[in-house]
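Convention: sequence-line order gives letters A, B, ...; per-chain numbering from 1.
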Amino acid sequence: MSALKPVRGTHDILPEEMIRHRFVQDKAQEISARYGFGEIATPIFEFTNVFARTLGETSDIVTKEMYTFEDRSENLLTLRPEGTAGVARAFISNGLSQSLPLKLFYRGPMFRYERPQKGRQRQFHQVGAEILGIDTVQADIEVIALGAHFLEELGLGNDIKLELNSLGDRESRDAYHNTLVEYLSAYKDKLSEDSLNRLDRNPMRILDSKDEGDREIIANAPLLGDSLNESSRIFFEELKAGLEQLGVAYEISPCLVRGLDYYCHTAFEFTTTTLGAQGTVLAGGRYDGLIKQMGGPQTSGIGWAAGVERLAMMIAEDAAEKPQPISVIPQGDEGKKQAPSIAHALRKEGYIVDYGFTGNLKKRLQRANKLNTKAAIILGDDELARNAATVRDMVSGEQVEIPLEKLADHLAVYR
RNA sequence: GCGAUUGUAGCUCAGUUGGUUAGAGCACCGGUUUGUGGUACCGGAUGCCGGGGGUUCGAGUCCCCUCAAUCGCCCCA
């Protein structure tokens with residue numbers, strides 16, 4: 001046991017796992033690009049108020065989960081706990097209101113000081129997509145369809161369901177807020193302690209409570225859907241119709257609310273039961289008030305983020321292909337002399353080439369086998385004297401002698 | 001932040017009511033084969049028993065503290 005451990009909630013991603021990690025990220029990027037999203041990278045730290053002001057002063061993320069520190073110039077900075085606030089800030093900083101609508105994809109590490117569990121680290125990675133500047137439901141439909149498409153491409157179509165709800169516009173949300181607080185206040189002596197705390201701060205989160213006593217009270221609580229005003233109701237109806245048109249299956253989840261303050265109208269979560277308590281795998285919603293709240297022009301937005309680690313855990317063992325290199329194996333003095341330039345030439349041709357550095361023929365073949373090599377090129381003095389190399393097919397074990405100048409062509413089948 | 005479980009070799013784990021030099025499988029290294037891998041056989045190395053303190057003649061085993069992982073709550077991706 002080494003005394004040198006990584007900081008709690010962080011971990012190393014070794015090459016083996018990185019293949020899956022990359023697969024998830026690259027798939028997200030690839031599918032997003034197909035929907036016309038360009039990739040953006042924002043800094044992993046920002047001025048603290050970028051997050052504090054936008055996520056909601058009372059949200060758990062802001063009040064107890066941020067990595068906040070002062071730099072040497074006494075700036076108060078925070079490691080980003082999520083991606084949307086940074087994208088919104090970048091939108092304002094770069095005057096991107098001239099280029100609306102914007103469709104942006106991002107990926108990268110996020111930081112939250114939470115109690116670690118499986119699928120919940122303090123440094124974790126997200127991929128996300130945002131559409132800025134479209135206040136009609138078409139954006140919601142496209143963003144959700146993108147999420148569903150991405151998860152499907154990962155091979156997770158059957159393990160995941162989409163939960164959908166509408167928080168309504170500001171007016172609807174405020175109206176509901178009031179009716180809910182009124183209703184819940186009658187049960188003040190029966191609510192759980194957690195929920196009591198949330199009654200003032202963020203009463204809608206009480207709908208999510210897993211406490212049994214709370215659930216009984218919630219069962220008869222007024223529904224968010226009933227407080228939606230006409231335009232919000234139509235918006236939601238159009239969203240559902242649009243998803244149906246695209247064959248995106250969903251379930252209405254009347255108690256689904258999101259933790260961050262900036263959401264309105266559409267809220268959705270793709271969830272799974274295969275990851276235990278950390279079942280949310282991709283989630284998002286509409287945030288029409290966010291950019292204005294940050295000091296930018298009124299600009300609507302909708303987007304989602306997905307947890308890369310959670311998705312990487314779910315994808316099938318063999319979903320992400322491992323590289324299959326070609327091994328170059330020198331044998332004897334002449335082989336050692338020529339091997340580096342032969343390997344180099346093949347790499348320039350685009351082949352993945354492993355050069356094992358040490359060991360005799362046997363050891364190098366063992367290494368080649370472990371690396372899942374397709375073919376081995378054996379460079380012995382005998383064949384080099386004839387300006388040729390032996391190519392061993394690592395699956396069949398068959399060997400043929402190939403003149404050096406035809407080597408690259410011959411290997412085409414192993415590419 | 002709260003509650004519970006766990007922590008022995010690189011990995012997965014065994015280790016009787018506390019009792020000498022702590023074990024297995026896989027992986028690793030070497031050999032059977034000094035120019036031929038994947039199978040087989042033979043051999044080898046490996047541990048601050050998570051860390052610290054305590055009880056005891058004696059602790060991997062019991063007690064306390066601590067760190068970490070896992071599960072649930074909370075929160076969320």
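- Using modelled atom types, one finds a donor on one side chain and an acceptor on the other under 3.5 Å when comparing Asp169(A) with Ser232(A).
- One atom, CZ of Phe268(A), and another, P of A77(B), lie 11 Å apart when rounded to the nearest Å.
- Remark: the separation of the C1' atoms in G15(B) and G47(B) is 14 Å, to the nearest Å.
- Closest contact between the side chain of Arg112(A) and the listed nucleotides G38(B), C76(B), U32(B) involves C76(B).
- The Lys5(A) side chain lies nearest to A68(B) when the options are C74(B), C76(B), A68(B).
- Cation-pi contact between Arg286(A) and Tyr263(A): absent, since separation from the ring centre below 6.0 Å together with deviation from the ring axis within 45° is not met.
- Using a 4.0 Å heavy-atom criterion, one finds that Arg392(A) contacts the bases of the nucleic acid, with or without backbone contacts as well.
- OP1 or OP2 of G30(B) lies within a sub-4.0 Å distance of a side-chain N or O belonging to Lys363(A).
- A salt bridge is defined here as a Lys NZ or Arg NE, NH1 or NH2 lying under 4.0 Å from an Asp or Glu carboxylate O, and Lys374(A) with Asp393(A) fails to meet this definition.
- When the P atom of U33(B) is taken as reference, atom CZ of Arg364(A) falls 23 Å away, rounded to whole Å.
- Across all strands shown, A69(B) forms a Watson-Crick or G-U wobble pair, both distances under 3.5 Å, with U5(B).
- In this structure, C41(B) and G31(B) make a Watson-Crick or G-U wobble pair, each of the two defining distances being under 3.5 angstrom.
- For Gln399(A), whose side chain is taken as the heavy atoms from C-beta onward, the closest listed nucleotide among A69(B), C76(B), U36(B) is U36(B).
- Gln366(A) has its CD atom 12 Å from the P atom of A27(B), to the nearest Å.
- Atom-to-atom, CZ of Arg115(A) to P of A4(B) comes out at 11 Å; the value is rounded to the nearest Å.
- Note: Phe357(A) and Tyr355(A) meet the aromatic proximity criterion, with ring centroids under 6.0 Å apart.
- Gly397(A) comes within 4.0 angstrom of a base, heavy atoms only.
- Contact annotation: Lys370(A) reaches the phosphate of C28(B) (side-chain N/O to OP1 or OP2, under 4.0 Å).
- For Lys362(A), taking side-chain heavy atoms from C-beta onward, the closest of the listed nucleotides A77(B), U32(B), G35(B) is U32(B).
- With a cut-off of 3.5 Å on both Watson-Crick or G-U wobble distances, the partner of U61(B) is given as none.
- For the C1' atom pair drawn from A68(B) and U32(B), the interatomic distance equals 45 Å after rounding to whole Å.
- Taking only side-chain nitrogens and oxygens, Arg8(A) comes nearer than 4.0 Å to OP1 or OP2 of A68(B).
- Residue Val395(A) is in base contact, counting any heavy-atom pair closer than 4.0 Å across all strands shown.
- With respect to the salt-bridge test (charged N to carboxylate O, under 4.0 angstrom), the residues Arg34(A) and Glu30(A) qualify.
- Nucleic acid contact class of Ala283(A) (heavy atoms, under 4.0 Å, all strands): sugar-phosphate only.
- Picking from U70(B), U36(B), G1(B) the nucleotide with the shortest atom distance to the side chain of Leu361(A) gives U36(B).
- To the nearest whole angstrom, the two P atoms, one in U6(B) and one in G53(B), are 24 Å apart.
- Remark: Lys240(A) qualifies as a cation-pi partner of Phe236(A) under the 6.0 Å distance and 45° angle criteria applied to the six-membered ring.
- Between Asp382(A) atom CG and U36(B) atom P there is a gap of 12 Å when expressed in whole angstrom units.
- Nucleotide C13(B) is matched to G23(B) when pairs are restricted to Watson-Crick or G-U wobble geometry with both distances under 3.5 angstrom.
- Regarding Tyr113(A), its OH atom lies at a distance of 17 Å from the C1' atom of C76(B), rounded to whole Å.
- For the P atoms, the distance linking G35(B) with G31(B) amounts to 12 Å, nearest Å.
- Look at Glu114(A) and Arg122(A) and you find no salt bridge, because none of the NZ, NE, NH1 or NH2 atoms lies under 4.0 Å from a carboxylate O.
- For G35(B), one of the phosphate oxygens OP1 or OP2 lies less than 4.0 angstrom from a side-chain nitrogen or oxygen of Gln331(A).
- Checked for salt-bridge contact, Glu309(A) and Arg120(A) miss the test: no charged N lies under 4.0 Å from a carboxylate O.
- Rounded to a whole angstrom, the distance from the P atom of A9(B) to that of G50(B) is 8 Å.
- With both ends at atom P, the span from G1(B) to U66(B) equals 12 Å, rounded to whole Å.
- Side-chain proximity of Gln117(A) to G38(B), G35(B), G72(B): nearest is G72(B).
- Across the interface with RNA chain B, nearest-nucleotide mapping of Pro116(A) and Leu282(A) shows Pro116(A) to be the residue nearer the 5′ end.
- The residue Gly147(A) sits apart from the nucleic acid: no heavy atom pair falls under 4.0 Å.
- Nucleotides of RNA chain B nearest to Phe270(A) and Val7(A) differ in position, and the one nearer the 5' end is that of Val7(A).
- In the interface, the side chain of Asn369(A) is not paired with the base of G38(B) through any donor and acceptor atom under 3.5 Å apart.
- As rounded to whole Å, 19 Å separates atom P of C76(B) from atom CG of Leu311(A).
- Counting non-hydrogen atoms under 4.0 angstrom, Asn360(A) reaches nothing in the nucleic acid.
- Two rings, from Phe47(A) and Phe51(A), have their centers 6.0 Å or more apart.
- Residue Gly119(A) is in base contact, counting any heavy-atom pair closer than 4.0 Å across all strands shown.
- In terms of phosphate contacts, Arg205(A) brings a side-chain nitrogen or oxygen within less than 4.0 Å of OP1 or OP2 of C76(B).
- Across all strands, Met394(A) comes closer than 4.0 Å to base atoms (heavy-atom distances).
- The separation of A59(B) from G52(B), taken at their P atoms, amounts to 14 Å, rounded to a whole angstrom.
- Judged by distance alone with a 3.5 Å cut-off, a donor-acceptor contact links the side chain of Glu383(A) to the base of G35(B).
- For the C1' atoms, the distance linking A77(B) with G37(B) amounts to 43 Å, nearest Å.
- Atom CG in Leu154(A) sits about 14 Å away from atom C1' in A77(B), given to the nearest Å.
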